[in-house]
Chemist: 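Here you go, one structure.
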2 protein chains.
Amino acid sequence: MADAAESDRLSRVFSALADPTRRDMVARLTAGDATVSELGASYDVSLQAVSKHLKVLEDAGLVSRSRDAQRRPVHLEAEVFDLMTKWIERYREQAEERYRRLDSVLAAMDDQDRDEGAAS
Amino acid sequence: MADAAESDRLSRVFSALADPTRRDMVARLTAGDATVSELGASYDVSLQAVSKHLKVLEDAGLVSRSRDAQRRPVHLEAEVFDLMTKWIERYREQAEERYRRLDSVLAAMDDQDRDEGAAS
DNA sequence: GTTGTGCTCAACCAGATGGTTGAGCAAGGA
DNA sequence: TCCTTGCTCAACCATCTGGTTGAGCACAAC
């Protein structure tokens with residue numbers, strides 16, 4: 001099933017965004033592409049650590065890297081957000097649907113209580 | 001700043017959902033509350049492992065647990081989805097906004113190219 | 001009170017993760 | 001050709017994570 005691959009993808013995306021530094025990098029990249037060292041300047045870690053973070057983001061498909069001489073400009077792949085949004089919305093809607101049903105059940109029980117009260 | 005706490009919260013939420021078993025538990029809970037052993041029946045792990053997963057979900061605020069005799073019914077806290085959706089939408093919108101600006105810049109450059117082409 | 005059920009806590013283990021430093025490669029500039 | 005810049009790869013380390021088993025607690029039922 002293709003679902004296993006999608007689940008794996010989703011795991012990598014959520015896992016990538018579980019780190020505040022990487023979330024910040026994503027935020028930074030919405031303002032435009034940046035090189036590794038430009039990105040790294042904002043964080044108090046080695047360039048190698050920055051490079052590792054970018055690899056995680058790249059493996060999750062959140063980011064792509066091209067080549068410009070020695071530089072490796074990083075580009076945000078915003079479509080991946082859709083994957084997350086879809087997952088979240090699916091379950092949010094299911095949960096809300098259930099609450100609606102629950103509400104109507106409670107309302108019905110309430111009606112019955114009142115009827116029974118009237119009958120006694 | 002309250003932002004540090006929110007970032008921490010967001011990290012816990014994303015991290016909790018990075019695990020496919022926990023995502024599945026959340027999916028399962030949109031259908032209604034369940035006890036620990038009911039949830040655990042679907043997975044090939046010990047009850048203690050299930051309990052640990054639920055603790056992670058609870059710490060992230062995705063789930064709450066009450067008490068019913070020996071049972072600990074698990075309840076989905078769907079509002080947390082909002083936190084994620086907000087984060088995602090914020091950056092998605094920024095990214096899209098940037099693309100729109102970029103498009104108009106490219107369009108302008110294109111116009112100029114055409115003008116220059118006409119002038120030559 | 002004793003026994004059974006549902007669950008959690010504690011200790012442990014293997015593997016992943018986030019950081020480090022050191023080495024090295026690829027491309028531009030002297 | 002050699003040096004510098006921008007970056008990655010490799011090895012290593014501490015900590016976290018997801019799993020295990022064993023012990024034990026809280027409540028129900030007998």
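Proteins come first, then strands; the chains are lettered A, B, ... in the order of their sequence lines, and each starts at number 1.
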Chemist: Over how many whole Å does the gap from Asp68(A) atom CG to dG28(C) atom P extend?
Modeler: 9 Å

Chemist: How many whole angstroms separate atom CG of Asp59(A) from atom P of dA16(C)?
Modeler: 14 Å

Chemist: Between dG6(C) atom C1' and Lys55(B) atom NZ, what is the distance in whole Å?
Modeler: 18 Å

Chemist: Quick check for you: among dG19(D), dT8(D), dG19(C), whose closest atom lies nearest to any side-chain atom of Ala49(B)?
Modeler: dG19(D)

Chemist: Should the heavy atoms of other residues, nucleotides or ligands under 6.0 Å from CG of Asp44(B) be counted, would the total exceed 12?
Modeler: no

Chemist: Take atom CG of Leu47(A) and atom P of dT4(D), then tell me their distance rounded to the nearest Å.
Modeler: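 Rounding to the nearest Å, CG of Leu47(A) and P of dT4(D) are 18 Å apart.
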
Chemist: Mind listing the N/O atom pairs, protein and nucleotides 10-17 of chain D, below 3.5 Å?
Modeler:
none

Chemist: Just the rounded figure in Å: distance from C1' of dT17(C) to CG of Leu57(A).
Modeler: 14 Å

Chemist: Check whether any side-chain nitrogen or oxygen of Ser51(A) sits under 4.0 Å from OP1 or OP2 of dC7(D), and answer yes or no.
Modeler: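 No, no such contact exists.
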
Chemist: Would you mind classifying the nucleic acid contact of Thr35(A) as base, sugar-phosphate or nothing, using non-hydrogen atoms under 4.0 angstrom?
Modeler: sugar-phosphate

Chemist: Answer yes when Lys86(A) and Asp82(A) have at least one side-chain N-carboxylate O distance shorter than 4.0 Å, and no when they do not.
Modeler: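 Salt bridge: no.
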
Chemist: Quick one: what's the B/S/- string for nucleotides 24-29 of chain D, heavy-atom cutoff under 4.0 Å, read 5' to 3'?
Modeler: ---BS-

Chemist: Figure out the CZ/P separation between Arg72(A) and dA26(C), and round it to whole Å.
Modeler: 12 Å

Chemist: Rounded to the nearest Å, what distance is computed from the CZ atom of residue Arg23(A) to the P atom of nucleotide dG18(C)?
Modeler: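 From Arg23(A) CZ to dG18(C) P: 12 Å.
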
Chemist: Is Lys55(A) salt-bridged to Glu58(A), going by a charged N under 4.0 Å from an acidic O?
Modeler: no

Chemist: Could you walk me through whether Arg92(B) and Glu89(B) pass salt bridge (charged side-chain N to carboxylate O under 4.0 Å, His left out), step by step?
Modeler: CA-CA 5 Å; Arg92(B) 193 226 293 271; Glu89(B) 289 307 315; 2.9 Å; yes

Chemist: Examine the side chains of Arg23(A) and Ser11(B) and answer whether a donor and an acceptor come within less than 3.5 Å of each other.
Modeler: yes

Chemist: Between dG19(D), dC7(D), dT21(C), which nucleotide gets closest to the side-chain atoms of Ser37(A)?
Modeler: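 Comparing dG19(D), dC7(D), dT21(C) against the side chain of Ser37(A), the answer is dC7(D).
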
Chemist: Going by an N to O cut-off under 4.0 Å, is there a salt bridge joining Asp33(A) and Arg71(A)?
Modeler: no

Chemist: In terms of the nearest nucleotide of DNA chain C, which residue is placed more toward the 5' end: Arg65(B) or His53(A)?
Modeler: Arg65(B)

Chemist: Check the angle between the aromatic planes of Phe14(B) and Phe14(A) and answer parallel, tilted or perpendicular using the 30° and 60° thresholds.
Modeler: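 Ring orientation, 0 to 90° scale: tilted.
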
Chemist: Please check if any side-chain donor atom of Arg90(B) sits under 3.5 Å from a side-chain acceptor atom of Thr30(A), or the reverse.
Modeler: no

Chemist: Between P on dC7(D) and CG on Leu54(A), what's the gap in Å once rounded to a whole number?
Modeler: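 Atom-to-atom, Leu54(A) to dC7(D), this comes out as 10 Å.
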
Chemist: Is the shortest distance from a Lys or Arg side-chain nitrogen in Arg101(B) or Glu97(B) to a carboxylate oxygen in the other one below 4.0 Å?
Modeler: yes

